[in-house]
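Please read the structure below before turning to the comments.
Only a predicted model underlies this, so the values are computations on that prediction, with no experimental measurement involved.
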Amino acid sequence: MGVVNLKMPVACSIAPLTIGFVIDAFDGSFNGAVWLLVSFGVVCFIAFMTLKSGKENFMTEHPQTIPAIK
């Protein structure tokens, strides 16, 4: 539980520092930070679209667990 719950506080600590460093690197402009967030969003979207639920395989392999439809 501790390892799972550790991810959010670490991310909340690293994200503002990273955005601050990017803003400093672009001489006070927020353009770099916006493009950083957009690129992370695109990566997350691509990762989400490649997920497979596996429900079809589960239902065909275990037909006894399919609930009856009335």
Which residues pass the side-chain hydrogen bond (donor to acceptor under 3.5 Å, both in side chains) test with Thr18, sequence neighbours left out?
none

Nearest-0.5 Å distance, NZ of residue Lys7 to SG of residue Cys12:
13.0 Å

Would you list the atom pairs, donor with acceptor, under 3.5 Å between side chains in residues 35-51 and any protein atom, with sequence neighbours excluded?
residue, atom, partner, partner atom, Å
Ser39, OG, Trp35, O, 3.2
Ser39, OG, Leu36, O, 2.7
Thr50, OG1, Ile46, O, 3.3
Thr50, OG1, Ala47, O, 2.9

Heavy-atom pair of closest approach, residues Pro9 and Ser13
O-OG, 2.8 Å

Please give me the minimum heavy-atom distance between Ala33 and Val22, naming the atom from each residue.
N-CG1, 3.5 Å

Contacts of type side-chain hydrogen bond (donor to acceptor under 3.5 Å, both in side chains), residue Asn31, not counting sequence neighbours:
Ser29

Please find the pair of heavy atoms, one from Pro16 and one from Ala11, that lie closest to each other, and give the distance.
CD-O, 4.4 Å

